[in-house]
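Just the heavy atoms: all of them, side chains too, but no hydrogens, waters or symmetry mates, feed the values below.
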Amino acid sequence: MQQATNSFWKRYFILIIAVGLFLVISAALIGATLLESNDIARGTHARRLAGNERSATQVVLLELSQLDRDAKAGRPAQKSTLDNLKDRAELITDTIKVFREGGRLPGDTSSVPLQPGAGATGEMINVNSGVNAVWAPYAALISQVLKSGGADQAKLDRALSYGLQNNEKLFGLLNDRVNDSQEILEIANRRLRITQTVGAVMIALNFLFTALVAFRRLIAGDRAVTQSRKQTDDILATVKEGLFLVTSDFSIGSQMSNSLPQIMQRKVEPGMNLLEVMRTMVTPQTLEATRDYLGLLFGKRVKENLVASLNPLSEVPVSGGSDGRGQLQSRYLNFQFNRVQESEDTVYLLVTVSDASERVRLTNEISAAKTRTREEMEALLRVLSRESSEVRLFLHRVGVVLERVNDDLRQAAARRTGTDYSELVNAIFRDVHSLKSEAAALSLDMIEALAHNFEVDLINLRDRGAVEGSDMVKMTVHLDDMFECVATIRDFLDRMAGNRDVAAPQSLVSPSQRAVEGWNTLAERIAREQGKQVQLDLQLQAFDRLPGETLNALRTIGLQLLRNAVVHGIEPAAERQARAKPSVGTVSFRSEDVGSRQVELVVRDDGRGLDVARIRAALSASGRYGIDQLESLSDRDVIMKIFEPGVSTAEHSDRDAGHGIGMDLVMKQVRSLSGTIALSTKVGAYTEFRIRLPVTESKPVAAAGGAHAPALPAGPADFQLTF
């Protein structure tokens, strides 16, 4: 407040002095004018008295002469003559007294009485004395005439004689008095004119000075306003954020930054309603919340900082955005509102708009990177919980498979167009799907996730029909990701092994145990995600006597059948209970030597079985077969279709089902080893696969008796299929 007061005095000091000087000059001029006016009035009054006095002397002489003529003619003196003589004589006497002592004549009502000696010069005082000296004897003689009633000729002759003798002298003295009074009046008038002229000149100079100061300040003010306006325009032209003011009725102010329409990506003009501008950009709920929030900011009861967190336009997603090149792009705008107050009232809100798209994108990427890093760390920690040799063996298989796929892709990309690579896509799909299943069994989520992403692009290629070599190029990106992931895990294992002081203890697990490593965990995870309950019954002692190639094939086949059994076979607990089944489904795996150097894997689940009608519906929905083709297919042929790539009865696809590749992989594995598949199923009861593979090199059968699980016989209503 003190600073504002000092600034006011400093800014308007000159004008205040000028106004004060004007008032002083005016007051002095008025005072001087009043004084001079009084002198003029007194001078005028004195001149009038002197003039009357001078006239009175002549009237006195005339009346004396009239009395003389009347007396000589024997006529009585007229009363009017005597009265007039008396009045004139008293007037002269009183006038001499007033000039000497001041005051008014008897009966005089003028507002300005003569002051004793005021304004009188020495000459006028002498004149008044001379008049009095001449008039006093004259007045005495006249008094005697009046007492005699004008009848005494002697008295009349003395008075008339004295008057005639001194008339010229008396008239001259009175004439001097009149002239002196006139001169005093003229001097007063001249002094008044000089005073008024000087005052007028000073007022004029003061006015010119004041006008000059005001004009200079006006020019300086205009220059400051122009400069301030230019600076504001420069700021609004260069600032990257959108800036504008909004009133309490949400109208946009007259000034805004040039970048505002570009940031908003729509027409924004002064006077437009902010909420109407936002109507097509945000949801109705956000628009209504914005209306309420702005209402709060214009109120007095809430603190601006306290409600800032309620801002509904903070990094709000907006529709209709583009990247500046016409391509649609998700955009986020950030609106910041600050009060502009006068006293305690909020008159405007300063709105700052910025494009927060890049900041939101970076924030999301950082969050995703943190999540990915955490998942990778968790995945690496899970690797440590596994047998290192099993993980290394798997990584080796992954490397071999990826190298083969890489060679296939390189050759395909190098060939000319015109060749259909759909079968190559299916082959790569089977390899990737097999790796994905094994990674899931070993809880290597990093590799499983990459393989799943790989599968998604392979599905797109497979489902679109003909595939050219150039279409396969982008698949190398997935290969690079998987190679890098394998290298990371292998490097992690090497580092952990290098940091150990004591060699890790040798694993004592059997081949059969190693083959089913992670199956229970995988089954529980899939069942949990599917809302089911499942348990595994693993009796695979025959795996201990199998060579590595056969064992790996059976492990791959078992993983696919495990996924299919949990995803498609086992029902949810409620459905199982409705069918009078245990709420927990069972998937059993049994292996046995069946003679003739063959081994058999039996996989059986107590789920809903294969429904031919459901498979027909899935085939129809896939668009692969027409109605006539489906009607011509036998039930056996329909069930055979589950081994075709791209056929699935799943309602939707996820990382565990719906890709139509699992049974195709089983079929290819069995055929590659010259094996056979037997399938039996009963709707609502079970599904069983019998995989029989030749054993090129088998170990001696130990404790075969009683160790072999007997094959489960098919019931009379079961559907059986062997191929």
Item to complete: May I ask you to decide if Leu479's main-chain N or O and Thr476's side chain share a donor-acceptor pair within less than 3.5 Å?
Response: no

Practice prompt. Measure the shortest side-chain to side-chain distance between Val599 and Leu554 over non-hydrogen atoms and say whether it is less than 4.5 angstrom.
Written response: yes

Item to complete: State, with a plain yes or no, whether a side-chain heavy atom of Leu362 is found less than 4.5 Å away from one of Glu365.
Response: yes

Item to complete: Answer yes or no: is there a donor N or O on one side and an acceptor on the other, between the side chain of Asn406 and the main chain of Leu402, under 3.5 Å?
Response: no

Item to complete: Report yes if some heavy atom in the side chain of Val603 is under 4.5 Å from a heavy atom in the side chain of Ile691; otherwise report no.
Response: no

Worksheet item: Taking C-beta and beyond as the side chain, do Lys436 and Arg563 meet within less than 4.5 Å on heavy atoms?
Response: yes

Practice prompt. Tell me yes or no: between the side chains of Ser437 and Gln560, is some donor less than 3.5 Å from an acceptor?
Written response: yes

Discussion item. Does this structure show an ion pair linking Glu517 with Arg555, if we count only N-O contacts that are shorter than 4.0 Å?
Written reply: no

Worksheet item: Between Arg576 and Glu571, is there a side-chain N and carboxylate O pair less than 4.0 Å apart?
Response: yes

Worksheet item: Are any side-chain N or O atoms of Ser591 and backbone N or O atoms of Ala542, one a donor and one an acceptor, separated by less than 3.5 Å?
Response: yes

Discussion item. Rounded to the nearest 0.5 Å, what separates atom CG in Asn334 from atom CD in Glu315?
Written reply: 5.5 Å

Fill in: Side chains of Leu522 and Leu559 in contact at under 4.5 Å (non-hydrogen atoms)
yes

Practice prompt. For side chain to side chain donor-acceptor pair (under 3.5 Å), just list the numbers for Asp637 and Ser634, CA-CA rounded to whole Å, side-chain angles, deciding distance to a tenth of an Å, and then say yes or no.
Written response: CA-CA 5 Å; Asp637 293 335; Ser634 65; 3.1 Å; yes

Item to complete: Start with the C-alpha distance between Asp611 and Lys682, add both sets of side-chain angles, then the distance that settles salt bridge (Lys or Arg N to Asp or Glu O under 4.0 Å), and finish with yes or no.
Response: CA-CA 8 Å; Asp611 188 343; Lys682 181 179 180 179; over 6 Å; no

Item to complete: First locate atom CG of Leu601, then atom CG of Leu561, and finally report the distance between them rounded to the nearest 0.5 Å.
Response: 7.0 Å

Worksheet entry | Donor-acceptor under 3.5 Å (Thr681 side chain, Tyr686 main chain) | yes

Worksheet item: If only atom types and distance count, is the side chain of Thr363 paired as donor or acceptor with the main-chain N or O of Arg359 below 3.5 Å?
Response: yes

Discussion item. Whether the Thr488 and Asp491 side chains hold a donor-acceptor pair (N or O, under 3.5 Å, no angle test) is what I'd like checked.
Written reply: no

Worksheet item: So, for Leu693 and Ala553, which heavy atoms are closest and what is the spacing to 0.1 Å?
Response: CD1-CB, 4.5 Å

Worksheet item: With the threshold set at 4.0 Å, does a side-chain nitrogen-carboxylate oxygen contact exist between Lys581 and Glu575?
Response: no

Item to complete: Over all heavy atoms of both residues, which pair between Leu450 and Cys485 is shortest? Give the atoms and the distance, please.
Response: CD1-CB, 3.5 Å

Discussion item. Between the side chains of Arg525 and Glu448, is the shortest nitrogen-to-carboxylate-oxygen separation below 4.0 Å, so that they form an ion pair?
Written reply: yes

Worksheet item: What's the shortest heavy-atom distance between Gln541 and Gln539, and which atoms?
Response: OE1-C, 3.3 Å

Item to complete: Work out which heavy atom in Pro547 is nearest to a heavy atom in Val695; give both atom names and the distance.
Response: CD-CG1, 3.6 Å

Worksheet item: Have Thr283 and Thr286 got a donor and an acceptor in their side chains that come within less than 3.5 Å?
Response: yes

Worksheet item: Is it true that Arg590 and Glu592 have a side-chain N and a carboxylate O under 4.0 angstrom from each other?
Response: no

Worksheet item: How many angstroms lie between atom CZ of Phe543 and atom CG of Leu540, to the nearest 0.5 angstrom?
Response: 4.5 Å

Item to complete: Provide the closest heavy-atom pair for Pro317 versus Val282 in the form atom of the first, atom of the second, distance.
Response: O-CG1, 4.2 Å

Practice prompt. Apply salt bridge (Lys or Arg N to Asp or Glu O under 4.0 Å) to the pair Arg528 and Glu524, showing each step before the final yes or no.
Written response: CA-CA 6 Å; Arg528 183 174 59 255; Glu524 291 173 359; 5.5 Å; no

Discussion item. How close do Gln533 and Val584 get, counting heavy atoms only, and between which atoms?
Written reply: OE1-CG2, 3.2 Å

Worksheet item: Quick one: are Val587 and Val534 in side-chain contact, heavy atoms under 4.5 Å?
Response: yes

Discussion item. How about CD on Glu484, more than 12 heavy atoms from neighbouring residues, nucleotides or ligands closer than 6.0 Å, or not?
Written reply: no

Fill in: Note: Arg430-Asp664 ion pair, threshold 4.0 Å (strictly below)
yes

Discussion item. Between Glu600 and Arg692, does any NZ, NE, NH1 or NH2 come within less than 4.0 Å of an OD or OE carboxylate oxygen?
Written reply: yes

Discussion item. Leu679 vs Leu610, test: side-chain contact (heavy atoms from CB on, under 4.5 Å). Steps then yes/no.
Written reply: CA-CA 10 Å; Leu679 166 63; Leu610 294 177; 3.7 Å; yes

Discussion item. Which residues pass the salt bridge (charged side-chain N to carboxylate O under 4.0 Å, His left out) test with Arg616, not counting sequence neighbours?
Written reply: Asp635

Worksheet item: Going through the distances and angles, do His568 and Gln530 end up as a side-chain contact (heavy atoms from CB on, under 4.5 Å)?
Response: CA-CA 10 Å; His568 300 289; Gln530 297 280 332; over 6 Å; no

Discussion item. Would you say Thr556 and Gln669 are linked by a side-chain donor-acceptor pair, where the criterion is simply a distance under 3.5 Å?
Written reply: no

Discussion item. Working note: Asp537 + Phe589, criterion side-chain contact (heavy atoms from CB on, under 4.5 Å); need CA distance, chi angles, decisive distance, verdict.
Written reply: CA-CA 6 Å; Asp537 178 15; Phe589 291 83; over 6 Å; no

Worksheet item: Between Ile557 and Phe689, is any pair of side-chain heavy atoms under 4.5 Å apart?
Response: no

Worksheet item: Looking at NE2 of His396 and CZ of Arg490, how far apart are the two atoms once the value is rounded to the nearest 0.5 Å?
Response: 9.0 Å

Worksheet entry | Side-chain touch Asn453/Asp457, heavy atoms, less than 4.5 angstrom | no

Practice prompt. Apply side-chain contact (heavy atoms from CB on, under 4.5 Å) to Asp606 and Ile570, showing your working.
Written response: CA-CA 7 Å; Asp606 62 347; Ile570 302 300; 3.5 Å; yes

Practice prompt. Starting at OG of Ser434, measure out to CG of Leu665 and round the result to the nearest 0.5 Å.
Written response: 5.0 Å

Fill in: Interatomic spacing from CG in Leu444 to CD1 in Ile489 - rounded to 0.5 Å
5.0 Å

Worksheet item: Within the side chain of Ser672, is there an N or O that forms a donor-acceptor pair under 3.5 Å with the backbone of Lys668?
Response: yes

Worksheet item: Hey, is Asp431 close enough to Arg397 for a salt bridge, meaning N to O under 4.0 Å?
Response: no

Worksheet entry | Exam field: side chain Ser357 to backbone Tyr332, donor-acceptor pair closer than 3.5 Å | yes

Discussion item. In terms of relative ring orientation, are His478 and Phe454 parallel, tilted or perpendicular, with 30° and 60° separating the classes?
Written reply: parallel

Worksheet item: Does Thr550 reach the main-chain N or O of Leu546 with its side chain, forming a donor-acceptor pair under 3.5 Å?
Response: no

